[in-house]
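Here the structure comes first, spelled out in structure tokens, and everything after it is commentary.
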Protein chains: 2
Amino acid sequence: MVLVSDENIATSQAIAGELKESILAGKYKPGARLVQDELAEEFRASRSPIREALRMLEADGLVTIKSHSGAWITELDFAEFEELYQIRERVEPLMLRLSIPHLTTKLIKELEVILEKLNTATTVEQFLKYDREFHLLTYEGAITSYLGEIVQRMWNTTQPYRRRYSQILEREHFTSAHLEHTLLMNAIKRADLDDAERILFGHIRRTRLELQDQTEKEG
Amino acid sequence: MVLVSDENIATSQAIAGELKESILAGKYKPGARLVQDELAEEFRASRSPIREALRMLEADGLVTIKSHSGAWITELDFAEFEELYQIRERVEPLMLRLSIPHLTTKLIKELEVILEKLNTATTVEQFLKYDREFHLLTYEGAITSYLGEIVQRMWNTTQPYRRRYSQILEREHFTSAHLEHTLLMNAIKRADLDDAERILFGHIRRTRLELQDQTEKEG
DNA sequence: ATCCTTTAGATTGTATCCAATCACTCGAAA
DNA sequence: TTTCGAGTGATTGGATACAATCTAAAGGAT
């Protein structure tokens with residue numbers, strides 16, 4: 001990502017960035033409360049920038065604020081998780097379509113490296129990491145103002161749940177994912193927009209349906 | 001909409017709400033600067049809640065904040081407008097699909113009343129008003145957490161531009177829209193999800209392409 | 001004349017203090 | 001035993017004061 005936009009980052013932004021990293025890394029669990037005073041002490045700042053940072057994270061969907069009450073790490077029930085996946089099915093293929101024509105050969109090589117790591121991943125944690133990197137990198141070419149935000153936000157909020165749910169999945173799932181990722185990679189290299197869209201749609205949809213099945217089995 | 005959620009509204013929220021109304025009503029033009037001190041005076045409050053309100057509006061996409069510099073009413077160039085329409089094409093049909101099964105007969109009657117007004121609208125301003133009401137009401141049945149936000153946000157940010165661009169459109173456009181709205185209404189009454197999705201997709205897409213053509217003609 | 005640097009004013013960002021609100025405990029009454 | 005209500009401590013919301021930063025204008029050098 002070529003970011004030149006903001007030269008002078010306010011501390012509220014810096015705090016928001018660090019907190020975001022922590023949340024995505026799983027330091028805070030969904031539903032965990034964030035107390036302004038504690039955060040202020042942790043970041044050696046007053047509550048003002050903390051409050052602003054929390055608002056920014058709320059916009060990212062990572063934090064939920066309730067007035068006069070507090071801030072919590074956003075928690076999704078399964079219905080909400082499913083909804084986000086349905087949105088992803090519709091939106092990410094578009095993002096991919098807008099991206100592919102602008103992917104450089106350098107970026108495509110990078111994608112192949114990550115795909116290799118993804119296909120040889122042995123732990124769930126590795127799989128999650130490279131899966132995220134791979135997909136988000138395929139969108140790198142898209143020059144967008146809003147779509148990118150929406151997509152990132154969905155990946156952010158579903159992150160802890162992807163971790164949780166992927167432990168349920170059968171081994172079969174990962175081999176399907178493997179095949180789909182390879183097909184996707186080929187479509188990208190051919191710059192076949194329609195095919196790439198179709199594969200990605202199917203990929204996300206299949207994952208959603210499998211999760212649905214598995215969680216129903218559990219009750 | 002049945003909203004019971006927040007009992008005790010903070011003043012920052014109240015300010016955000018009022019500002020939002022003003023912006024959508026066209027009081028501030030896209031690109032206009034919002035100075036915190038001036039807003040504070042206008043709302044008889046200090047800058048703290050103003051700053052929070054601006055952050056909330058930023059999340060709504062109505063305002064753009066640049067650190068150490070200021071806040072402006074979000075301004076879209078035509079490419080961004082087009083992008084939002086492309087997202088709408090993908091996302092709103094889904095919203096409609098989720099909504100239709102939960103539409104009550106009372107709501108459907110309401111829709112027919114608005115459709116009648118829409119079809120007999122004589123001014124662009126009337127058309128815009130009833131068009132917005134009609135479409136958003138067709139989504140009323142959808143029980144969603146994120147999708148609704150996304151859709152509302154897109155209607156919000158494109159509002160001033162729909163006004164601007166619809167003055168360019170030929171009379172032909174409005175008759176097409178008329179026909180599509182009627183087809184959509186019928187599909188909704190039949191609860192034909194696939195058909196409704198298809199019609200809505202085409203409706204949004206056609207509008208986008210016509211706007212593209214017209215603006216290219218102008219230069 | 002143009003470009004760069006400096007400087008003053010305006011505006012945003014942060015710290016601190018006080019007020020408003022919430023949540024929870026404790027106690028009393030049914 | 002349960003339920004309701006008052007009171008208290010903790011936490012968030014808002015006001016004010018000060019610091020940091022940006023912007024634009026003025027002046028000097030090339």
Side-chain angles (χ1 to χ4, degrees), chain A residues 3-23 27-75, chain B residues 3-23 27-75:
Chain A
L3 289 176
V4 209
S5 51
D6 259 2
E7 309 88 28
N8 225 323
I9 298 164
T11 61
S12 58
Q13 287 173 348
I15 291 171
E18 279 199 51
L19 254 179
K20 183 173 177 175
E21 290 299 321
S22 299
I23 295 170
K27 179 177 169 187
Y28 303 91
K29 281 177 190 161
R33 180 163 183 188
L34 298 170
V35 178
Q36 296 177 6
D37 270 325
E38 292 174 8
L39 293 173
E41 194 173 0
E42 187 178 337
F43 287 103
R44 309 265 166 78
S46 80
R47 275 173 48 222
S48 310
I50 300 291
R51 292 174 63 82
E52 301 239 347
L54 289 175
R55 289 277 175 217
M56 295 181 206
L57 294 176
E58 188 188 29
D60 282 343
L62 288 170
V63 159
T64 304
I65 297 175
K66 197 179 152 195
S67 84
H68 288 109
S69 180
W72 290 265
I73 305 293
T74 300
E75 202 169 17
Chain B
L3 287 177
V4 211
S5 51
D6 257 3
E7 311 89 27
N8 225 321
I9 298 164
T11 60
S12 59
Q13 287 174 344
I15 291 172
E18 280 199 51
L19 254 179
K20 183 173 177 175
E21 291 298 321
S22 299
I23 295 171
K27 179 177 167 188
Y28 302 92
K29 282 178 190 161
R33 181 165 184 188
L34 298 170
V35 179
Q36 295 177 5
D37 270 325
E38 292 174 8
L39 292 173
E41 195 173 0
E42 187 178 337
F43 287 102
R44 308 267 164 76
S46 82
R47 275 171 48 223
S48 311
I50 301 290
R51 291 176 65 81
E52 300 237 349
L54 289 175
R55 289 277 175 216
M56 295 181 207
L57 294 175
E58 188 188 29
D60 283 343
L62 288 169
V63 159
T64 304
I65 296 175
K66 197 180 151 193
S67 85
H68 288 109
S69 180
W72 290 266
I73 305 292
T74 301
E75 201 168 18

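Here the structure is a predicted model, which is why all the values come from computation and not from measurement. In what follows, chains carry the letters A, B, and so on, assigned in the order in which the sequence lines appear, proteins first and then strands, with residues in each chain numbered from 1.
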Self-check item: With A:Ala59 via side-chain contact (heavy atoms from CB on, under 4.5 Å) - residues at least two apart
Solution: B:Ala59

Quiz item: Is there side-chain contact between B:Trp72 and B:Ile65, with heavy atoms separated by less than 4.5 Å?
Solution: no

Exercise. Starting at atom CD of A:Gln13, determine the distance to atom P of C:dT12, rounded to an integer number of angstrom.
Key: 15 Å

Practice problem: Starting at atom CD1 of A:Ile9, determine the distance to atom C1' of C:dT12, rounded to an integer number of angstrom. | Solution: 16 Å

Quiz prompt | Pairs flagged by salt bridge (charged side-chain N to carboxylate O under 4.0 Å, His left out) wherever residues 51-61 of chain B is involved - sequence neighbours left out | solution = A:Arg51-B:Glu52, A:Glu52-B:Arg51, A:Glu52-B:Arg55, A:Arg55-B:Glu52, B:Lys20-B:Asp60, B:Arg55-B:Glu58

Practice problem: Tell me, please, which residues at least two apart from B:Glu18 pass side-chain contact (heavy atoms from CB on, under 4.5 Å). | Solution: B:Phe43

Self-check item: Atom-to-atom span, CD1 of B:Ile50 to C1' of D:dT16 - whole angstrom
Solution: 15 Å

Quiz item: Restricting to pairs with a member in residues 28-42 of chain A, which pass salt bridge (charged side-chain N to carboxylate O under 4.0 Å, His left out), not counting sequence neighbours?
Solution: A:Lys27-A:Glu42

Quiz item: For every nucleotide of nucleotides 7-13 of chain D, 5' to 3': is a protein heavy atom under 4.0 Å from its base (B), only from its sugar-phosphate (S), or from neither (-)?
Solution: ----SBB

Exercise. Output yes when at least one side-chain N/O atom of A:Ser48 is less than 4.0 Å from OP1 or OP2 of C:dT14, else no.
Key: no

Quiz prompt | Contacts of type side-chain hydrogen bond (donor to acceptor under 3.5 Å, both in side chains), residue B:Thr64, not counting sequence neighbours | solution = B:Thr74

